[in-house]
Amino acid sequence: MVDISPFALKQFQSARQARDARFDGQFYIAVKTTGIFCRPICPANLPKEENVEYFVDKAQALQAGYRPCLRCRPDSAPSSWAWKGVETTFLRALKLIEQGELQHATLAELAERVGISDRYLRQLFQHHLGMAPKQYALYHQLMFAKQLLHSSSMSITEVAFASGFNSVRRFNDAFKQVLKLTPSQVRKDTESEHDINHIDLAFKGPLDWQHMLDFYRLRAIEGLELVDELSYQRSFKLGDCNGWFKIYPSKAGTMRVEFKLDDTRQLKALVNQLRRMFDLDADVLHIEQQLGEVAPDLVKRSGIRIPGVWSTWEAGVRAILGQQVSIKAAIGQLNLLASTLQPETISHFPTPQEVGQADLSFLRMPQSRKETLSCFAQFMTHTPDASPEQWLALKGIGPWTINYARLRGASEPNCFLDGDLVVKKMLQQFPSVNTQSVAPWGSYATFHCWSHA
DNA sequence: GAATTCCCCTG
DNA sequence: CAGGTGATATTG
């Protein structure tokens with residue numbers, strides 16, 4: 001037994017009895033009679049006190065010859081889905097539904113995606129919400145539709161399609177049944193017509209919009225992105241659909257998005273994209289509190305979220321062009337790339353196809369880097385959904401490039417760029433900060449480090 | 001609602 | 001270690 005203070009022991013004992021979730025991850029309970037060790041929250045029968053042994057680290061328990069419990073999975077990493085259990089499985093499904101997953105996938109597919117049976121998923125919804133998943137999805141679509149009726153100039157038909165219905169009849173029926181009004185009645189009630197469509201995205205907690213704008217401003221591509229004092233705007237291509245948006249804060253806790261879309265059925269996809277890009281779903285207060293426990297002064301300004309890039313492809317290109325040069329130099333090349341491939345007006349970031357087919361000799365950088373870019377473009381043309389990890393196989397793409405893409409392109413929450421120059425410097429000032437200690441919020445730790453510079 | 005799985009205890 | 005028990009999560 002490794003030494004544990006009598007005080008801590010007392011705590012562990014009562015925490016174990018109560019299955020206190022607050023102690024989850026802080027210690028492990030090994031049962032001598034079975035040779036198995038568990039987390040404090042394990043639902044299994046409580047072992048007798050005389051049969052247990054406590055460990056602060058799972059490695060110690062392993063070392064002592066115990067095997068991890070199959071129910072509470074003490075071996076899985078904290079913050080992994082397996083660790084968090086059914087509660088998060090449910091929340092994950094909930095989020096996917098809110099993102100419109102059930103509009104194009106079946107319940108069975110959704111269930112498989114979160115790793116449980118459709119039967120059990122239904123049961124969970126009944127338990128947590130008292131309604132079926134499909135019902136919840138329907139409510140969401142209708143709320144979305146209602147907002148559009150108020151805030152857009154789209155026709156009722158367009159609104160129906162934009163909110164995931166495949167027939168106007170069905171849309172009208174469902175709308176009337178739930179909201180007790182017809183869509184056109186709602187439309188009539190809104191005061192004035194808007195010449196430009198908009199939609200409001202809600203978020204929780206602080207959001208340092210200036211920090212985000214500054215970040216984008218420094219890296220904006222001329223003609224594609226425009227960052228002014230209050231807003232960010234850009235043109236884009238979403239699948240086959242061209243579009244444009246402008247985003248800025250409106251009332252507290254709300255971002256307003258003005259948009260144009262060739263195909264309004266892509267609106268939900270755009271919304272999902274923007275929520276990721278501007279990190280609107282992050283629980284910032286929770287994250288900052290956790291980071292504050294690691295290093296009290298690390299969080300200098302509150303509300304920092306991850307400024308995302310439109311796609312992992314774009315993030316990859318930005319990372320490659322940014323290898324070993326200043327931000328300014330990198331943007332120069334990006335501008336050159338975009339304006340050369342689209343001489344008249346830049347309607348979107350160059351696609352993998354466009355870059356792959358282009359002769360890149362006009363770029364002013366080492367030949368090897370051009371080859372890397374070209375090679376990356378070919379790769380993304382054929383396997384657009386490959387995860388950044390798989391890029392490692394490509395010549396000229398290393399961990400730094402990949403981590404940057406994971407951080408900004410995929411908006412992964414736990415990418416701590418400890419290889420970054422600025423971050424390295426900050427680590428001397430914050431000795432307690434490292435990849436382990438800031439997990440699972442490494443990405444936020446990275447940005448907080450940068451904000452000190 | 002039954003069956004299965006998994007854990008803990010005792011002999 | 002085998003056999004028995006209780007409890008929970010998950011499935012068909």
Side-chain angles (χ1 to χ4, degrees), chain A residues 1-4 6 8-140 283 440:
Chain A
M1 163 95 73
V2 189
D3 51 329
I4 290 172
L9 190 63
K10 274 262 159 44
Q11 276 198 323
F12 290 175
Q13 286 168 346
S14 58
R16 177 176 82 84
Q17 298 287 344
R19 296 204 172 100
D20 192 333
R22 287 171 302 175
F23 286 84
D24 192 18
Q26 295 193 25
F27 72 98
Y28 299 87
I29 302 148
V31 184
K32 294 175 194 165
T33 48
T34 55
I36 296 173
F37 74 99
C38 297
R39 289 156 57 184
I41 52 143
C42 185
N45 275 346
L46 284 174
K48 289 184 175 172
E49 187 62 46
E50 67 227 53
N51 291 335
V52 305
E53 198 175 352
Y54 295 92
F55 293 100
V56 182
D57 194 299
K58 56 190 166 202
Q60 297 172 329
L62 249 15
Q63 182 73 27
Y66 291 97
R67 85 149 162 85
C69 173
L70 295 177
R71 297 180 98 146
C72 54
R73 311 291 198 91
D75 52 322
S76 58
S79 86
S80 75
W81 289 320
W83 175 277
K84 293 184 198 154
V86 282
E87 176 82 343
T88 41
T89 303
F90 165 72
L91 290 175
R92 204 146 61 96
L94 197 69
K95 184 137 282 174
L96 283 167
I97 289 178
E98 285 167 12
Q99 290 174 3
E101 189 67 15
L102 283 184
Q103 289 166 27
H104 43 260
T106 65
L107 185 67
E109 287 165 333
L110 175 64
E112 184 172 357
R113 207 165 145 187
V114 297
I116 58 178
S117 72
D118 60 331
R119 174 78 176 72
Y120 191 37
L121 187 60
R122 264 200 198 89
Q123 191 176 305
L124 286 179
F125 266 78
Q126 202 52 244
H127 176 79
H128 288 280
L129 290 178
M131 70 176 84
K134 190 70 189 166
Q135 178 94 72
Y136 183 73
L138 187 66
Y139 283 152
H140 247 273
D283 186 349

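Just so we're on the same page: letters track the sequence lines, and every chain starts at 1. Since we're looking at a predicted model, the values are computed, not measured.
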Subject >> Atom CZ of A:Arg67: over 12 foreign heavy atoms under 6.0 Å >> reply: yes

**OP:** Would you indicate whether the side-chain heavy atoms of A:Asp75 and A:Arg73 approach each other to under 4.5 Å?
**Re:** yes

**OP:** Summarise how protein sits on nucleotides 2-11 of chain B as a single string, 5' to 3': B when a protein heavy atom is under 4.0 Å from the base, S for sugar-phosphate-only contact, - for no contact.
**Re:** ----BSBSS-

Original post:
Does the side chain of A:Arg39 reach to within under 4.5 Å of the side chain of A:Tyr28, using non-hydrogen atoms?
Top reply: yes

Original post:
How many Å lie between CZ on A:Arg39 and C1' on C:dT8, as a whole number?
Top reply: 15 Å

Subject >> Between C:dT8 (C1') and A:Gln123 (CD): distance, integer Å >> reply: 12 Å

Original post:
With both distances under 3.5 angstrom, what nucleotide forms a Watson-Crick or G-U wobble pair with B:dC6?
Top reply: C:dG6

Original post:
Are A:Phe90 and A:Leu129 close enough, and set up right, to give a side-chain contact (heavy atoms from CB on, under 4.5 Å), and what steps lead you there?
Top reply: CA-CA 10 Å; A:Phe90 165 72; A:Leu129 290 178; 4.0 Å; yes

**OP:** For A:Leu121 and for A:Pro43, find the nucleotide of DNA chain C with the closest heavy atom, then tell me which residue's nucleotide is more 5'.
**Re:** A:Pro43

**OP:** Please check if the side chain of A:Gln60 supplies one atom and the backbone of A:Asp57 the other of a donor-acceptor pair under 3.5 Å.
**Re:** yes

**OP:** Decide side-chain contact (heavy atoms from CB on, under 4.5 Å) for A:Tyr54 and A:Ile29; before the verdict, give the C-alpha distance in whole Å, the side-chain angles of both, and the deciding distance to 0.1 Å.
**Re:** CA-CA 5 Å; A:Tyr54 295 92; A:Ile29 302 148; 4.2 Å; yes

